[in-house]
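Letters go in sequence order (proteins before strands), and every chain restarts at 1. Side chains are part of it too, since the values below use all heavy atoms of this structure and drop only hydrogens, waters and symmetry mates.
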2 protein chains.
Amino acid sequence: MTTGSHRAAPEHTHPDDVPVLTALAALADPVRLTLVRELAGSAAWTRSCGSFDVPVGKAALSHHFAVLRGAGLVEQRDEGPRRVNRLRRPEFDARFPGLLDLVLRDDEPS
Amino acid sequence: MTTGSHRAAPEHTHPDDVPVLTALAALADPVRLTLVRELAGSAAWTRSCGSFDVPVGKAALSHHFAVLRGAGLVEQRDEGPRRVNRLRRPEFDARFPGLLDLVLRDDEPS
DNA sequence: GCGAGTGTATGGTTTTCATCGAACACTCGG
DNA sequence: CCGAGTGTTCGATGAAAACCATACACTCGC
């Protein structure tokens, strides 16, 4: 019986269980949008939560990741002391085709 | 000199001038989502502002339409005493391909 | 020119949400 | 076993946004 004391694994929501409104609300925030974009530019499982360049404290950051998880946008795994992330591109694309493409490739209007 | 006293024409924003964040925020609200969907199901210029089935008062409704205009989602024209609406599908699709399709054809997860 | 119908603007209330500081949990290397 | 590093949770604060009720503006039929 390896009852090993582990940290509680983060709760994940599959994109298939996510209402559109939740997905849109998750992406309609400048900080989270930055996280998603930066995450899309890195290989899976290579970025820990603290490695993102956003102007908010740890607490807020943690909250934002919880929202992204709840929207099926991000998957997290504990790796030693840090929590590493992966953008759930294929699953999310299957549920909301084109949405990620939109927010990723967008250039702001001149 | 026909200085005719007309009502101020509503200010419109073309989708090309709309940042993604604004578009997402506009759609990430249950009332506005209903408006867009109901509007998509009707012919252009056939729906006045008051003809939508949403559980808010006139003032809030007026505000929501202002947000939709500002996001390049809706065009309005004064027709007698009422203000009729049109969903700017082609323009908005050109700026954000697939986004409207997504919010329109979506079925909530079981 | 009234009065009904329709929409906007204003002012104020309530709710929601992003944020922070501080305290706590876990992992790992000395 | 301690201390540094990392992330979550809690409580509180502040800002943004949705909302309502009221008052105002415009159009039209009578």
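Nucleotides of DNA chain C nearest to Val31(A) and Pro81(A) differ in position, and the one nearer the 5' end is that of Val31(A). Nearest-nucleotide mapping onto DNA chain C: of Ala59(B) and Val67(A), the residue sitting toward the 5' end is Ala59(B).
Gln76(B) has its CD atom 16 Å from the P atom of dT6(C), to the nearest Å. Rounded to an integer number of Å, the gap from CZ of Arg82(A) to P of dG29(C) is 10 Å. The CZ atom of Phe65(A) sits 9 Å away from the P atom of dG7(D) (whole-angstrom rounding). For the pair His64(B) NE2 and dC19(D) C1', the computed distance is 8 Å after rounding to whole Å. Residue His63(A) contributes atom NE2, which lies 12 Å from atom C1' of dT9(D) at whole-angstrom precision. When the C1' atom of dA21(D) is taken as reference, atom NZ of Lys58(B) falls 10 Å away, rounded to whole Å. Distance Asp78(A) CG to dC28(C) P: 10 Å, rounded to the nearest Å. Spacing between atom CG of Leu61(B) and atom P of dA9(C) amounts to 13 Å, rounded to whole angstrom units.
Leu27(A) is listed as a side-chain neighbour of Leu99(A), based on a closest heavy-atom distance under 4.5 Å.
Within a 6.0 Å sphere centred on CZ of Arg82(A), other residues, nucleotides and ligands contribute 12 heavy atoms or fewer. Other residues, nucleotides and ligands contribute at most 12 non-hydrogen atoms within 6.0 Å of the CD atom of Glu11(A).
Residue Arg7(A) places none of its side-chain N or O atoms closer than 4.0 Å to OP1 or OP2 of dG7(D). Close to dA9(C), at under 4.0 Å from its OP1 or OP2, lies no side-chain N or O of Ser62(B). Phosphate contact (OP1/OP2 of dT6(D), side-chain N/O of Ser48(A), threshold under 4.0 Å): absent.
The hydrophobic cluster containing Val84(A) does not contain Leu39(A), counting ILVMFWY residues as joined when their side-chain heavy atoms lie under 4.5 angstrom apart, directly or transitively.
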